[in-house]
2 protein chains.
Amino acid sequence: MSERTTRKIAYPLKKQSLADFKVGVDNVIFSVDTSQNRLLVLLVMRQDEPFLGQWCLPGTLVRNGESLEDAAYRILAEKIRVKNLYLEQLYTFGGPGRDPREAPDSFGVRYLSVSYFALVRFAEAELIADGVSGIAWYPIQQVPQLAFDHNKILEYGYQRLRNKLEYSPVAFDVLPDVFTLNDLYQLYTTVLGENFSDYSNFRSRLLKLGFLCDTGIKVSRGAGRPASLYRFDAEAFVPFKDKPLVFI
Amino acid sequence: MSERTTRKIAYPLKKQSLADFKVGVDNVIFSVDTSQNRLLVLLVMRQDEPFLGQWCLPGTLVRNGESLEDAAYRILAEKIRVKNLYLEQLYTFGGPGRDPREAPDSFGVRYLSVSYFALVRFAEAELIADGVSGIAWYPIQQVPQLAFDHNKILEYGYQRLRNKLEYSPVAFDVLPDVFTLNDLYQLYTTVLGENFSDYSNFRSRLLKLGFLCDTGIKVSRGAGRPASLYRFDAEAFVPFKDKPLVFI
DNA sequence: CCAAAAGTGTTGGCGGTACACCCATGG
DNA sequence: CCATGGGTGTACCGCCAACACTTTTGG
């Protein structure tokens, strides 16, 4: 409030001067490596000033004729080859001064970032190394200092990921067609932490909902009883669509 | 996907041409008239082309040096005088062609809308009529065709309002300092519909949470037993902050 | 036979739903 | 004294956490 007031007093003659914007799209792309129980986020190394050589979220400026979502898909497609993914808009960061390319006290162009949140299937995601730029999956705990305000964006995305997992069936977009209940459980554990739920309770809750169907096929992983492979039944899920639903 | 592919093929030489943007902020401002049990949204009449004379959401273009949120507060302050309000970012709409000022097939400037969601206290909200432009509270069911894609934005905001009410204490930002439990119940009923919950259950659930304190003061509204006035105790609410919480 | 992993069952408590019922006031 | 709205109590059901237990495999 006080900020706004100050500004009005400071530049009373500039009241009508509209800012010009470049609009960027930045993606927070998550993936879960179930074999190692790690939650990963995709980072790339900046090739240009500012922040040359520093890690950041994959992003791009929006082109003519391109929608925001199109731009988000384009970045993604440039960085990884993947068939199954979930993507939605996250938040728009647009404060003045968030990009050093904005001259500090001039009325030059502003840089705005519309961020998108994505979750991809780790096993089938191929990173596209162009031989020039760095690109890597970073475990969420080991993310370094990022360029711009990207640490903030990432934090925001991480929050969203946890919510999505609890209240929507995103997990099934990111698991293989068939999976064991343990795979599913590991996914949840990796993202939400060890103590989110007991395995057997998680099991019965999910099965009672009725949209996971047992294929009958068994699969053995080393010692121990073989597990059933399940399939997500999109048909059976329809009644739950748009209803509040807890997967915890 | 196919859209993006087509575009790449259609304009291969334009690959690097970046769009220039004007960024607008549009507010979905809700208010609840508890005396008439109506959910209202603030609309203004457009004074300029395009869509001259048509109703739309109050909006503005972002000025130099102004953050998005500042712009949102500025619109609000230009249209209504109000002390208590809740405001948060809603969604960013930025597809090409959403504003007729974008020349249809040129590569001119694009118009992007960052929308904000607000809830204000009806009783204390004074509309600012400048004598020129139309401005009005519209019952949500009677909203006409709006300019641009504002009907879509409104729909999105309405959805958010219902979620917010169920999972967060926004209601207390918008009720008077002291209120009866029936006031609170009416607010919920007006927004969520009649059948969201039984009154007595709503009562006990809320009271059990312990952040509503009885002032002891009674108030009589016509016939019937007088009701207690309650106050929202922000201190007592702290432990629930950031915890999942259901107000249904 | 034992360890490991998958899967089933049981129990107690808490919380929601649907009511029935008492209380205080105006007319 | 009765209609009206405020407020309390109860009985049932379902859900969920915790944990014990059985089943099926590899070694």
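Naming: A, B, ... by sequence-line order, numbering from 1 per chain. Just the heavy atoms: all of them, side chains too, but no hydrogens, waters or symmetry mates, feed the values below. What you see is a predicted model, and the numbers here were worked out from it, not measured in a lab.
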In whole angstrom, give the distance that lies between atom CG of A:Leu181 and atom P of C:dA5. 16 Å
Just the rounded figure in Å: distance from P of D:dC16 to CD of A:Glu166. 13 Å
d(CD1, A:Ile217; C1', D:dT25) in whole Å: 18 Å
A:Phe202 CZ to C:dA5 C1': how many Å, rounded? 16 Å
According to side-chain hydrogen bond (donor to acceptor under 3.5 Å, both in side chains), who are the partners of B:Ser197, at least two apart in sequence or on a separate chain? B:Arg205
Under the ring pair (Phe, Tyr, Trp, His ring centres under 6.0 Å) test, which residues partner B:Phe179, sequence neighbours left out? B:Phe172
What pairs with A:Thr190 under side-chain hydrogen bond (donor to acceptor under 3.5 Å, both in side chains), at least two apart in sequence or on another chain? none
Under the side-chain contact (heavy atoms from CB on, under 4.5 Å) test, residues paired with B:Arg162 that sit two or more places apart: B:Glu155, B:Tyr158, B:Gln159, B:Val191, B:Leu192
Can you tell me the distance, in whole Å, between the CG atom of B:Asp183 and the C1' atom of D:dG6? 12 Å
Looking at C:dA6, I'd like to know if its phosphate oxygens (OP1 or OP2) sit under 4.0 Å from a side-chain N or O belonging to A:Arg203. no
Are the side chain of A:Asn27 and the backbone N or O of A:Ala72 linked by a donor-acceptor pair below 3.5 Å? yes
Reading nucleotides 18-26 of chain C from 5' to 3' and marking B where a protein heavy atom lies under 4.0 Å of the base, S where only the sugar-phosphate is that close, and - otherwise, the string is BB---BBBS
Does A:Tyr199 put a side-chain nitrogen or oxygen below 4.0 Å from OP1 or OP2 of C:dA6? no
Between the two ends of the helix from C:dC1-D:dG27 to C:dG27-D:dC1, what is the bend in degrees, rounded to 10 degrees, where each end axis spans five pairs? 10°
Taking CZ from B:Arg221 and C1' from D:dG6, how many angstroms apart are they, rounded to a whole number? 11 Å
My understanding is that only residues two or more places apart in sequence, or in another chain, count here; which of them pass side-chain contact (heavy atoms from CB on, under 4.5 Å) with A:Thr189? A:Tyr185, A:Glu194, A:Phe196
For B:Lys218, which residues count as a side-chain hydrogen bond (donor to acceptor under 3.5 Å, both in side chains) partner, sequence neighbours excluded? B:Ser228
Can you tell me the distance, in whole Å, between the CZ atom of A:Phe196 and the P atom of D:dC16? 13 Å
Considering all heavy atoms, the nearest A:Ala171-A:Leu187 contact: CB-CD2, 3.4 Å
Separation of C:dA6 P from A:Phe179 CZ (nearest whole Å): 14 Å
Pairwise side chain to side chain donor-acceptor pair (under 3.5 Å) hits with a residue in residues 229-240 of chain B, at least two apart: none
